[in-house]
Amino acid sequence: MSKKFFITTMGCQMNEYDSDFLAQTLVRSGYRPVEDPSLADVILINTCTVRAKPEQKAYSLLGRMSAMKGGKPGVVLGVIGCLAQQQGSELIKRFPKLDFVLGPRALSKINDTIHRLKTVGGKVVATDLTAEPPQSVACQGYFHGRISAYLSVMEGCNNFCSYCIVPFVRGREISRSPDAILLEAKNLISQGVKEITLLGQNVNSYRWKHGKRDNFVDLLRALNDLDGLLRLRFTTSHPKDLSDALIRCFGDLDRLCPHIHLPFQAGSNSVLQGMRRNYTREDFIELTDKLRRVLPDIAITSDVMVGFPGELENDFQMTLDLVKRVQFDALFSFKYSDRRGTFAEKMLPKVNEVDKSLRLLALQTLQRQITLRKNRALEGRVLEVLVEGPSRRGGQLSGRTGSNKIVNFNIDNIMLGSLVHVKIKRAFLNSLRGNIRGEKSAVKADREVA
Ligand code: SAH
Ligand code: SF4
Ligand code: F3S
């Protein structure tokens with residue numbers, strides 16, 4: 001009987017990519033994945049610590065999984081990801097049933113770790129952040145049936161925004177070689193993947209010193225030329241590094257989806273300065289104008305925080321004002337929370353929880369109106385949709401537009417993974433509904449078609 005593993009993932013796309021890396025490594029070693037942790041020989045929890053909420057969620061899951069492991073002999077329980085990196089052996093003190101803790105740069109030690117635990121016993125903690133990030137294992141067949149996949153192009157972050165834990169738990173920036181990235185992309189495509197999202201904490205700082213394709217724009221151009229790839233996306237871009245050359249790619253590259261995720265974090269210049277973001281609200285607005293000059297229909301999404309230390313009501317009004325001015329397609333908004341060891345942890349005065357909640361509510365109410373208005377403007381238009389699978393509620397097919405909006409539409413004889421034209425009938429806050437108009441014959445621009 002083959003050995004079984006269970007893996008659960010919190011946090012950002014980076015963690016999902018890492019979980020796929022671990023899963024592929026284990027599959028190659030003869031394990032198979034299970035969805036019920038009580039059946040698994042190896043239980044893995046991939047954690048996030050970017051805010052207080054995901055950290056708490058990770059602790060409660062660790063408690064539940066420790067209880068589930070109970071006295072079962074032979075079951076191995078491990079924690080990986082950013083909380084693992086931050087807490088190291090402290091996690092084992094707090095959860096004695098834990099067998100190992102691996103940080104994001106120690107994931108290739110997974111097989112050795114399990115082997116050591118089964119033979120020698122004890123505990124394993126590996127959190128060396130100077131190690132090379134793990135390289136993909138390209139396990140043939142693992143991505144069969146997947147339409148979309150992530151591909152990491154760089155790891156770590158050098159920006160040290162004053163509120164952010166990521167540079168402390170993911171280490172310094174390191175880019176992967178274009179050859180390795182292209183090889184991984186071809187491998188994904190050969191397994192049926194149609195859409196690739198390139199990942200990095202700040203993809204604009206992608207740099208490879210030893211070859212032709214030395215920056216992110218060159219890399220995008222090379223990927224855009226790959227046969228069989230229908231869509232290309234990337235995340236996340238930092239406004240301070242978003243070059244004109246990269247903006248032009250949205251006009252030039254036919255596979256590059258008309259969507260950018262561009263976090264602005266705050267609308268007030270004094271808050272932005274305290275955050276050490278290195279741009280002003282005026283710079284940010286100018287960037288979004290430039291993007292829309294190159295591609296008028298480009299979808300722009302963003303991240304924003306309320307309640308950064310020292311944020312006054314007037315600062316918050318500047319955030320609302322920026323949101324009104326830019327008209328994002330979607331916004332991920334968070335209450336600021338102190339992260340241990342960051343510069344902002346020591347900044348005063350802190351904003352109280354009630355004000356943070358009120359500000360978040362006002363921001364989300366405003367954004368809901370904008371998102372709904374933008375979605376309703378799509379009613380009656382025909383959009384190109386990549387068919388991804390059954391809709392969440394069933395009875396329909398579901399896919400996404402190039403602008404990353406979910407579209408549910410009538411079932412047809414359409415293959416998963418193909419591009420279709422859908423006429424939008426109704427728009428909601430989180431999805432669109434429409435009727436299929438036919439399959440797209442040639443793969444060209446991923447834009448509105450009528
Ligand atoms: N690399 C990306 C984002 C990484 S973290 C970037 O530079 O934009 C994802 C989001 O979490 C951030 O954009 C920010 O809005 C939020 N975030 C990060 N640290 C936070 C903190 N201490 N409190 C609240 N939100 C935070
Ligand atoms: Fe964090 Fe800033 Fe780096 Fe993004 S750019 S990961 S917010 S330090
Ligand atoms: Fe969380 Fe780490 Fe991503 S802290 S947001 S999982 S880089």
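In this text the structure is predicted, and so the values were computed from the model without any measurement. For ligands, and for the atoms within them, numbers begin at 1 and follow the listed sequence. Keep in mind that the numbers below use all heavy atoms, side chains included, and drop hydrogens, waters and symmetry copies.
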[X] to ligand 1, any heavy atom closer than 4.0 Å:
X: Asn202; answer: no
X: His238; answer: no
X: Arg277; answer: yes

Report the part of [X] in contact with ligand 1, treating N, CA, C, O as backbone and CB onward as side chain, heavy atoms under 4.0 Å; options are side chain, backbone, both, neither.
X: Tyr163; answer: both
X: Gln201; answer: both
X: Gln265; answer: side chain

[X]-ligand 1 polar pair, N/O distance under 3.5 Å:
X: Arg339; value: no
X: Asp303; value: yes
X: Arg51; value: yes

| task | Mark up the atoms of ligand 1 that fall under 4.0 Å of a heavy atom belonging to Val50, in ascending order. | result |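 Answer for ligand 1: 5 (S), 18 (C), 19 (N), 20 (C), 21 (C), 22 (N).
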| request: Check ligand 1 against Pro263 and write out every atom of the ligand that is under 4.0 Å from a heavy-atom position of the residue. | output: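 Checking each atom against Pro263, I get 8 (O).
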Flag the pair [X] and [Y] as a salt bridge only when some basic side-chain nitrogen lies within less than 4.0 angstrom of an acidic carboxylate oxygen.
X: Arg170; Y: Glu155; result: yes
X: Glu195; Y: Arg146; result: no
X: Arg281; Y: Asp321; result: yes
X: Asp128; Y: Arg105; result: no

| Any sub-3.5 Å donor-acceptor pair from Lys350's side-chain atoms to Glu345's backbone N or O? |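 Yes, the answer is positive, given that a donor and an acceptor are paired below the 3.5 Å cut-off.
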| field | Nearest-neighbour protein heavy atom for atom 7 (S) of ligand 3, which is reported as residue plus atom name and distance | value |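 Looking only at protein heavy atoms, the one closest to atom 7 (S) of ligand 3 is Gln201 NE2, 3.2 Å.
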| request: Considering heavy atoms of the protein only, find what lies nearest to atom 23 (N) of ligand 1 and give residue, atom and distance to 0.1 Å. | output: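 Closest protein heavy atom to atom 23 (N) of ligand 1: Ser337 N, 3.0 Å.
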Parallel, tilted or perpendicular: which one describes the rings of [X] and [Y], with boundaries at 30° and 60°?
X: Tyr31; Y: Phe5; answer: perpendicular
X: Phe332; Y: His261; answer: perpendicular
X: Phe284; Y: Phe264; answer: tilted

| said: Below 2.8 Å, which protein N, O or S atoms neighbour atom 1 (Fe) of ligand 3, ignoring water? | reply: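 Cys48 SG, with waters left out.
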| message | I need the single residue from Lys374, Arg373, Arg292 that forms a side chain to side chain donor-acceptor pair (under 3.5 Å) with Gln327. Which is it? | response |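 Between Gln327 and the candidates, side chain to side chain donor-acceptor pair (under 3.5 Å) is satisfied uniquely by Arg373.
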| Candidate list Gln201, Arg276, Lys240, test side chain to side chain donor-acceptor pair (under 3.5 Å), partner Asn159, passing option |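 Single side chain to side chain donor-acceptor pair (under 3.5 Å) partner of Asn159 among Gln201, Arg276, Lys240: Lys240.
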| field | Shortest non-hydrogen contact from Leu91 toward Leu83 | value |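 Looking at all heavy atoms of both residues, the shortest contact is CD1-O, 4.0 Å.
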| task | Please test Ser89 against Val101 for side-chain contact (heavy atoms from CB on, under 4.5 Å), starting from the C-alpha separation and ending with a verdict. | result | CA-CA 7 Å; Ser89 53; Val101 177; over 6 Å; no
| query | Phe160 and Phe168: ring-ring contact (aromatic ring centres under 6.0 Å, His included), yes or no, with the steps? | reply | CA-CA 8 Å; Phe160 288 93; Phe168 300 93; 5.4 Å; yes
| said: For a side-chain contact (heavy atoms from CB on, under 4.5 Å) check, start with the C-alpha distance between Arg339 and Thr49, then their side-chain angles and the critical distance, and finish with the verdict. | reply: CA-CA 8 Å; Arg339 301 285 76 203; Thr49 184; 3.1 Å; yes
| said: I want to check something: taking the side chain as every heavy atom from C-beta on, are Leu378 and Leu432 in contact at a cut-off of under 4.5 Å? | reply: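 Result yes, sub-4.5 Å side-chain heavy-atom pair found.
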| Name the residues in contact with ligand 2, where contact means a heavy atom under 4.0 Å away: which are they? |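 Lining ligand 2 at under 4.0 Å, by heavy atoms, one finds Cys157, Asn159, Phe160, Cys161, Tyr163, Cys164, Val166, Pro167, Gln201, His238, Arg277.
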| request: List the steps and the verdict of side-chain contact (heavy atoms from CB on, under 4.5 Å) for Val166 and Val50. | output: CA-CA 7 Å; Val166 171; Val50 77; 4.3 Å; yes
